[in-house]
Amino acid sequence: MDIALWTAAGLLAAAYLFSGAGKILLPKEKVAAYRHGGWADDFRPGSLKAIGALEAAGALGLVLPALLGIAPVLVPLAAIGLMAVMAGAMAVHLRRGEPRLAAGNFVYFALLAFVAWGRLAAEPFTG
């Protein structure tokens, strides 16, 4: 179970770090032009940067506290925070009539729920 949780957290962290960095570093027009990025037109540039910052911070929170042994309880909290981001993403895609993209967000949501549950109940960090 521990290996599955580390694997899921690591893959999610990589995905969210990459996604968040793109939203932070790229101009809104580039984000919107990216594959399936039309949703970005619904947001102001500052809002996109904020979403990117939340994703990047969540990505770091999924692995760094446990790797460093400093407040590893932050790992499931980061997963729960990113679940909230994914719930918002699902709502945006459903409002825009993009159910396939919302389904993709649900996959991330489910993986984050697995990490949160796993680190809170099934295989919490101890020590």
Side-chain angles (χ1 to χ4, degrees):
M1 178 63 82
D2 190 53
I3 292 170
L5 289 166
W6 271 108
T7 302
L11 292 173
L12 287 164
Y16 282 107
L17 192 58
F18 180 75
S19 176
K23 290 177 184 82
I24 293 168
L25 299 173
L26 297 176
K28 176 184 173 176
E29 296 75 26
K30 291 244 186 205
V31 175
Y34 189 70
R35 183 177 153 231
H36 304 302
W39 61 269
D41 290 330
D42 294 353
F43 295 89
R44 294 185 304 217
S47 298
L48 286 178
K49 304 280 185 219
I51 293 168
L54 289 171
E55 289 179 349
L60 296 175
L62 286 174
V63 293
L64 282 184
L67 283 176
L68 300 175
I70 300 171
V73 71
L74 294 176
V75 172
L77 297 179
I80 292 167
L82 286 170
M83 288 170 65
V85 173
M86 286 298 94
M90 284 186 278
V92 167
H93 289 303
L94 290 173
R95 179 180 45 81
R96 290 177 49 89
E98 302 167 336
R100 289 183 62 182
L101 296 178
N105 292 135
F106 182 77
V107 172
Y108 282 101
F109 184 93
L111 287 169
L112 290 162
F114 170 68
V115 171
W117 166 79
R119 290 307 182 195
L120 285 172
E123 188 81 26
F125 295 110
T126 58

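Applying the ring-ring contact (aromatic ring centres under 6.0 Å, His included) rule to pairs touching residues 64-87 yields nothing, sequence neighbours excluded. Judged as a salt bridge (Lys or Arg N to Asp or Glu O under 4.0 Å), not a single pair has a partner in residues 5-19 (not counting sequence neighbours). Every pair tested for salt bridge (Lys or Arg N to Asp or Glu O under 4.0 Å) that includes a residue from residues 67-86 fails, sequence neighbours excluded, so the list is empty. Among residues at least two apart or in separate chains, there is no side-chain hydrogen bond (donor to acceptor under 3.5 Å, both in side chains) pair with a member in residues 4-13. Applying the ring-ring contact (aromatic ring centres under 6.0 Å, His included) test to pairs two or more places apart or on separate chains, none has a residue in residues 64-89. Sequence neighbours left out, not one pair with a member in residues 83-92 passes side-chain hydrogen bond (donor to acceptor under 3.5 Å, both in side chains). A ring-ring contact (aromatic ring centres under 6.0 Å, His included) check over residues 42-64, counting only residues at least two apart or in different chains, returns the pairs W39-F43.
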Tabulate below the donor-acceptor pairs under 3.5 Å that side-chain atoms of residues 48-64 make, not counting sequence neighbours, or state none.
from: K49; atom 1: NZ; to: K23; atom 2: O; distance (Å): 3.4
from: K49; atom 1: NZ; to: I24; atom 2: O; distance (Å): 2.8
from: K49; atom 1: NZ; to: L26; atom 2: O; distance (Å): 2.9
from: E55; atom 1: OE1; to: S19; atom 2: OG; distance (Å): 2.8
from: E55; atom 1: OE1; to: G20; atom 2: N; distance (Å): 3.3
from: E55; atom 1: OE1; to: K23; atom 2: NZ; distance (Å): 3.0
from: E55; atom 1: OE2; to: K23; atom 2: NZ; distance (Å): 3.4

Throw together a table of side-chain donor-acceptor distances under 3.5 angstrom for residues 69-82, partners on residues two or more places apart or in other chains.
none

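The environment of CG in L68 is crowded: more than 12 heavy-atom neighbours from other residues, nucleotides or ligands sit within 6.0 Å.
In the hydrophobic clustering of ILVMFWY residues, with side-chain heavy atoms under 4.5 Å counting as a link, L112 and V107 come out together. In the hydrophobic cluster analysis, where Ile, Leu, Val, Met, Phe, Trp and Tyr join through side-chain heavy atoms closer than 4.5 angstrom, L101 is grouped apart from M86.
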Next item on the list: Go through F106 and H93 one step at a time and tell me if the side chain to side chain contact (heavy atoms under 4.5 Å, CB included) criterion holds.
Entry: CA-CA 11 Å; F106 182 77; H93 289 303; over 6 Å; no
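Considering only residues two or more places apart in sequence or on other chains, F109 meets the ring pair (Phe, Tyr, Trp, His ring centres under 6.0 Å) condition with none of them. Residues forming a ring pair (Phe, Tyr, Trp, His ring centres under 6.0 Å) with F114 (at least two apart in sequence, or on another chain): none. Residues that satisfy the side-chain hydrogen bond (donor to acceptor under 3.5 Å, both in side chains) test with R96, not counting sequence neighbours, are D42, E98.
For L94 against P99, the heavy-atom pair with the smallest separation is CD2-CA, 4.2 Å. Between V115 and A9, the closest heavy-atom pair is CG2-N, 4.0 Å.
Here R100 contributes atom CZ and N105 contributes atom CG; the two are 13.0 Å apart, rounded to the nearest 0.5 Å. The structure places CG of L111 at 11.0 Å from CE of M83, a figure rounded to the nearest 0.5 Å. One finds the CZ atom of R44 at 9.5 Å from the NZ atom of K28 (value rounded to the nearest 0.5 Å).
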